[in-house]
Each structure stands twice: as structure tokens, then as C-alpha cells.
Protein chains: 2
Amino acid sequence: MTGRRSAADALETRAAILRRAADVASVEGLDGVTIGRLAADLQMSKSGVIGHFGTKEQLQLAALDYAAERFRVRVWEPVHHLRPGLERLLGVCASWTAHAAAPEFVGGCFIAATSYEWDGRPGSVHDALAAVTDRWRRTLAGEIKRAIAAGDLAADLNPDALVFSLESLAAGINPARQLHGDTEADTWALRAMHTLLGVPAPTVAATAS
Amino acid sequence: MTGRRSAADALETRAAILRRAADVASVEGLDGVTIGRLAADLQMSKSGVIGHFGTKEQLQLAALDYAAERFRVRVWEPVHHLRPGLERLLGVCASWTAHAAAPEFVGGCFIAATSYEWDGRPGSVHDALAAVTDRWRRTLAGEIKRAIAAGDLAADLNPDALVFSLESLAAGINPARQLHGDTEADTWALRAMHTLLGVPAPTVAATAS
DNA sequence: CCTACCGATCGGTAGG
DNA sequence: CCTACCGATCGGTAGG
């Protein structure tokens, strides 16, 4: 029950710490993730927690990586097999808004919460967050450009502006639900995305994930 | 230089504390507003800071009130004289996005930052934030309904969905600028607002505030 | 408005 | 992975 355990056990412990850290951060931000709190929640000592990461900042970066991977699994993986261009783009919009409406972390989307929390601060967390969201932006912009090239979207659309708008609408689902009880916010966001893309409104049962 | 001063002096000190608190919160969130930090920044003692408010929570609520009033002055006051309905609604969109692109607090829009920080937490700050943003939502919904009733906007638009979308786009300007250097994010947001409202794109020099 | 202080918690380390 | 500990900072109070 006590003392050192195997490397596999250590990896399991590490994963449990990151899951808990992501849950806490989704509610109270990455600032709310304190070593002592994680230790108490997981019934470990503080040194047992921080030993996996070295410093709190490394723990925060690891939690961000973990959340980014979960985002990829929940939003990108269900649609990456779709045809590149408009079809996959609309699939992303559907899985993205569904992801925000039924979040896996208790406080909602980790990436959205952290982006608005950390955008004005300097440091490695800011930079890692910019890198993660930038990668996602380039994926989206790529789909949009493919759809334009294929003639499925209007040629005068601005891909960067569209990426910004899709991102803002998806992120807005979080506070709309938790501050105002807007249970339909994901539907509104998805419709607005379609309007901005200039395509017909989504059908009701488009997503079932 | 020391000891008690007049009631007018006390009010000035109080205002200086709130300004500083709003600046700090716009960068690091309301959690970053600590009594000791404000005291150091303003060259006061901690008891001198907290004496104006009683508790940290009361200080946070006062900072929120202060920021809400500044938002009203910067976004609503410049356009409240316009004709109710579409004209005033479009004026709000312009002053709102301009406000986000040239924020008065160092870290950007206090209301946006705090909404995404505090939406998942319980307590009086959450409730006050919901009340403040709800008031703003009702103002916006009122303008939209007036514009629809006047025939200036399509009758099949959903006012609640539009309010959600306008809010999300305005709030998104903050992280777009600070995380990705999108200096045009305010222009993109304003264009998207017009598209969702179903009105022509804004003219370039619509706002000069 | 100040000094001086309280118990609690912070991130982190030493040593095992 | 633990206990035991470090200096710093937290919100807040007593007393003036």
C-alpha cells in the first residue's frame, strides 16, 4: 500500500493527477490547480504529486497537453475520416459544439476556459496555449480553404475571419450554459457557424455522439 | 501624509483601489486580485486596502460594479442617443467591438475575462456577474426585437440566439488579440455580427471613438 | 489610514 | 511514494 511502486503504477498515478488537474482547471482555471489541493483530492502527499512533474508550471503544461489530446479525441477523431473540405468542416462544427455542450470535465471546455484566463499573461503556459490553439486554427483554416477551392464555399470568404468566428462561438457555449442556463447555446452556435459559412442550417439529428 | 484623512480623500483612495483591481483582474482574473498585491502596488498597508471593503469578496464585487459602469460608459453611452431598434443595435456592435480592440484595462475587457473565469464557480461573484451580463443581454434583446417589429430585421431571427452570438464574438476579440496577435479581430467580429443580423457589411469608418 | 500580528496555505526541498 | 520541514504569501483582525 505504501512506498515505491512499479513504473506502470507510476504512469497510472500520473494520469490520475492530470485528470484531476484538468477537472479543477475547467472550473477554477489553471491557477486553481494547487499541489496541496490535488494531493488532498487524490489522498496523496504533496511531494507525491509534484514528484511526477518537478514544478507547478510543468504540471500546468502537462495538464494542457492532456486536455489538448482529449479535445483531439472528442472533436477531431470522430470526423477526421470524412471527406476533406466542406463535409469535414461541417462535421467539426457539429462535434465541436457537441463537445462544449456535454463536456468531459466538470467545469466545461478546458481549452476555452484557459484561453480566456491566460491570454494576457506572459510565460510558458501562455506560449504553449498559443501553440495548441494555433495548430487547431491551421487545421480549420485548411478545411475552409479546401472547401473554397472546391467551390463549396464562396470565394470571397475570409478564412482567418471565419476561424476567429467559429472559435468565439464554440468558446461562448461555456459561459452561456453556466452563467445563464442557456441549454440551447450549442444549437445556436452551430446555426451561427452555418450562417457565417453561407451554407444551409444544420439538420436536427446531424450529430449523435 | 499619514493617519486619517477626509471623506473625500477616502473616496479617492477607494476609486484608486478599484481601478487597480480592475487592471489586475483584466490580466490575471479576479483571483489574481490579492489584498497584499494591491497594497504593494498602491504603496498602502493591507489593512488600508481591505478597510474600504471589509472582505476580499466585497472588494471583488465592487471591482465588478466598477468595471460594469465603465463598460456602460464606453459601450452604451456613445450610442444610447441613437434611434431605438436597428440603428442603435448597429451602433452598439460598433462601440462594443471598438471597446474590445482598445480596452481601457491593461488585460482587455474585464467583463469578458471574468465571465469565462467565473462561470463554473458558485458564490456571490458568480451571481453578480450573471446579473450584470443578464441586464446587458436584455438590453440587446430589446433592440433586436424592436428592429424586428419595425421590419428592419427578418422576422424569423431568434433574438436569444443572436444575443448569444454577438456576446461570443465580442468576447472572442480578447484572446484573439492576446494569444494570436489578431489585430483585425474587432473588424472580423463586427462583420460577423452584421452577417448574422442579415444586414450589409459595415462601412470602414463607421466608428471613430 | 498605520503597525503588528494570527492561522492557513502556497510551492518546493531534504532525506528516506 | 512518504514525513517533516522551509520561507513566502494568503485573508483577516486587534488596537491605535
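As a basis for the values below, the full set of heavy atoms in this structure was taken, side chains included, without hydrogen atoms, waters or symmetry mates. So you know, we letter chains A, B, ... as the sequences are listed, proteins then strands, and number each from 1.
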Rounded to whole Å, the CG-C1' distance (B:Asp31 to C:dT9) equals 14 Å

Nearest whole angstrom, please: distance from the P of C:dG12 to the CG of A:Leu59. 10 Å

Does D:dC10 have OP1 or OP2 sitting under 4.0 Å from an N or O in the side chain of B:Thr34? yes

Given atom CD of B:Gln58 and atom P of D:dG11, what is their separation to the nearest angstrom? 15 Å

Side chain of A:Ile35: nearest nucleotide among C:dG12, C:dC1, D:dG11? C:dG12

Counting side-chain heavy atoms from CB outward, which of D:dC1, C:dC2, D:dG12 is closest to B:Lys46? D:dG12

Between D:dT9 atom C1' and B:Ile50 atom CD1, what is the distance in whole Å? 15 Å

Does a side-chain N or O of A:Ser47 approach OP1 or OP2 of C:dT13 to a distance below 4.0 Å, or not? no

Value in whole Å for how far the P atom of C:dT3 lies from CE of B:Met44: 11 Å

Within this structure, what is the NZ-to-P distance between B:Lys56 and D:dT13, rounded to whole angstrom? 15 Å

Euclidean distance, atom CZ of residue A:Arg37 to atom C1' of C:dG12 [Å, nearest integer]: 20 Å

Is the distance from the ring center of A:Trp96 to that of A:Trp76 below 6.0 Å? no

Correct closest heavy-atom pair for A:Leu82 and A:Gly91 would be CD1-CA, 4.2 Å

In the strands shown, is D:dC5 matched to any nucleotide by a Watson-Crick or G-U wobble pair with both distances under 3.5 Å, and which? C:dG12

Which atom of B:Phe110 lies closest to which atom of B:Ala67, heavy atoms considered: CD2-CB, 3.3 Å

Looking only at the side chains, is there a donor atom on one of B:His126 and B:Asp119 sitting less than 3.5 Å from an acceptor on the other? no

